[in-house]
Amino acid sequence: MRVLLIEDDPDIQKIAAMALRFDGRFEVMQANSGKQGLELAKREQPDLVLLDVMMPEMDGYETLRHLKEDERTSAIPVVFLSARALEQEVQRGKSMGAIAYLTKPFDPLKLPGVLYAMVNPA
Amino acid sequence: MKKLSALVGATGLQLTDILRSVYENSLDGIVISDPNTIILTVNDAYCAMTGYSSEELVGQKTNVIRAGITPRETFNQMWHALRNEGKWVGELINRRKDGDLWWSYISITRILGADGEVAAYVGIARDITERKKMEDALRDMDRMKSEFIATVSHELRSPMTSIKGSLGLALAGAAGPVGEDLRDLLGIAQNNIERLIGLINDILDLSRGDAGKLSLHITPVDLKQVVSRTVSELYPLAAQKSVRVAVALPEVLPEVAGDQDRLSQVLVNLISNAIKFSDADSQVTIGAEDTGKSVLVWVRDEGVGINREDLPKVFERFHRVDNGDNRRTGGTGLGLAICRAIIQEHGGEIWADSEPGKGSTFSFTLLPAHRVLQR
């Protein structure tokens, strides 16, 4: 399964990518910003986008809006992965079209299974 | 009136003397107007509050001091009450002669003449501007506190994600084999980052509870399912401590009106506390009962118990019963405070009973769904 990880924090990006690769079922593409993520999404057509919310310049919400507006990327499922854990933020993320809103800190050993199940329901 | 006459007789004063003295010396501002609200007289305190002299006020309408900011609805209510009940009390926003705004808490009484028509209105006003400023300041502080807690918790989540993630991957062998000693050390670090994460989540929950923003998603909830799932989650902890967990729910239990996740959070807190404070080979029992008005849920342990003087404090934040076991049992001292906030937000009650040496029972009530929710 091909996952595009859009995350500006290099440590978290490295950990999330390592967790997914360690699981063995994922091919991971990484982007440091919303803008770079959009380009990669159009070009690589991942099966899932794992998207941070708080990023400079283009935040996760705006990135999601661009993904949904472009017919080349509008069908790609998006999962938010955010440190913003308030209920209204979770609801906002879901109302914008994300299939799930996961909060940090995440369990690196459980994250792969959760993402895989979202795209490949039993 | 009889009492007042007796008092007047006892003092040897005439009622008019007493009223005049009150009028002249009161710290509350007194204003008397005719039926058309034209000011007839004001006392010194009223002049001091408004910044106007008596000469400037007499002959003006009482609204000369109004700031035009008090909601129209307040005046509608005021006149409705004066017409129907002859009295009104409330808060008004006014403007002093120098332009400054001030708040009054004013009681207005309608005085009827011998013909039954309105003869005058008497207003007795107190300047509550300082109190209002303090209330505003408190509201600002409360908002700033909530924003601060939310910001800090967000900012802490990123570094915690990195630490938790690194430890989890290292322990799982993602970076190569891990020796026994290193595994122990990484395990200690991992346990403690979990405690930190729990503490941050607890503080954020309490902050939401304080602000009434727990955002409950109320639906009909089958308590049997929630209890069963929670108990399954906590079996490893119970097994580790060799504590038996028994579920004693009645055959039929009405659905309650609740937020399933939050109720599960309450049960996790109460049951895990009960397990933590139990000795090996003792039992923790979870029960429930339909009382008609509400559904009563209880979690009983046979543990060390809580002293009578500590019982009222157990739901206070950061309160931890000093039984010498705290270091062993861990915890943030916030769990029960969060349970209370959640249950109270559900419209229920929560309390604890205990007998030292014999165990404790934590109980809470919830409203049946059929009483709260329209199906």
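Throughout, a chain's letter reflects where its sequence line sits, starting with A, and its residues are numbered from 1. Every value quoted in this text rests on a predicted model; they were computed, and no experiment measured them.
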Restricting to side-chain contact (heavy atoms from CB on, under 4.5 Å), what partner residues turn up for [X], sequence neighbours left out?
X: B/A172; value: A/F22, A/L109
X: A/L102; value: A/V79, A/L81, A/L111, A/V114, A/L115, A/M118
X: A/E57; value: none

Original post:
Does NZ in A/K35 sit with more than 12 non-hydrogen atoms of other residues, nucleotides or ligands closer than 6.0 Å?
Top reply: no
Original post:
Take atom CD in A/E69; do more than 12 heavy atoms of anything else shown fall under 6.0 Å from it?
Top reply: yes
Subject >> Part of B/L171 lying under 4.5 Å from any heavy atom of chain A >> reply: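 It is neither, since no heavy atom gets under 4.5 Å.
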**OP:** Answer with side chain, backbone, both or neither: which region of B/I197 has an atom nearer than 4.5 Å to a non-hydrogen atom of chain A?
**Re:**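 Contact with chain A: side chain only.
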Between chain B and chain A, which donor-acceptor atom pairs come closer than 3.5 Å, counting both backbone and side-chain atoms?
| from | atom 1 | to | atom 2 | distance (Å) |
| --- | --- | --- | --- | --- |
| A/A83 | O | B/R157 | NE | 3.4 |
| A/A85 | O | B/R208 | NH2 | 3.0 |
| A/K104 | O | B/R157 | NH1 | 2.8 |

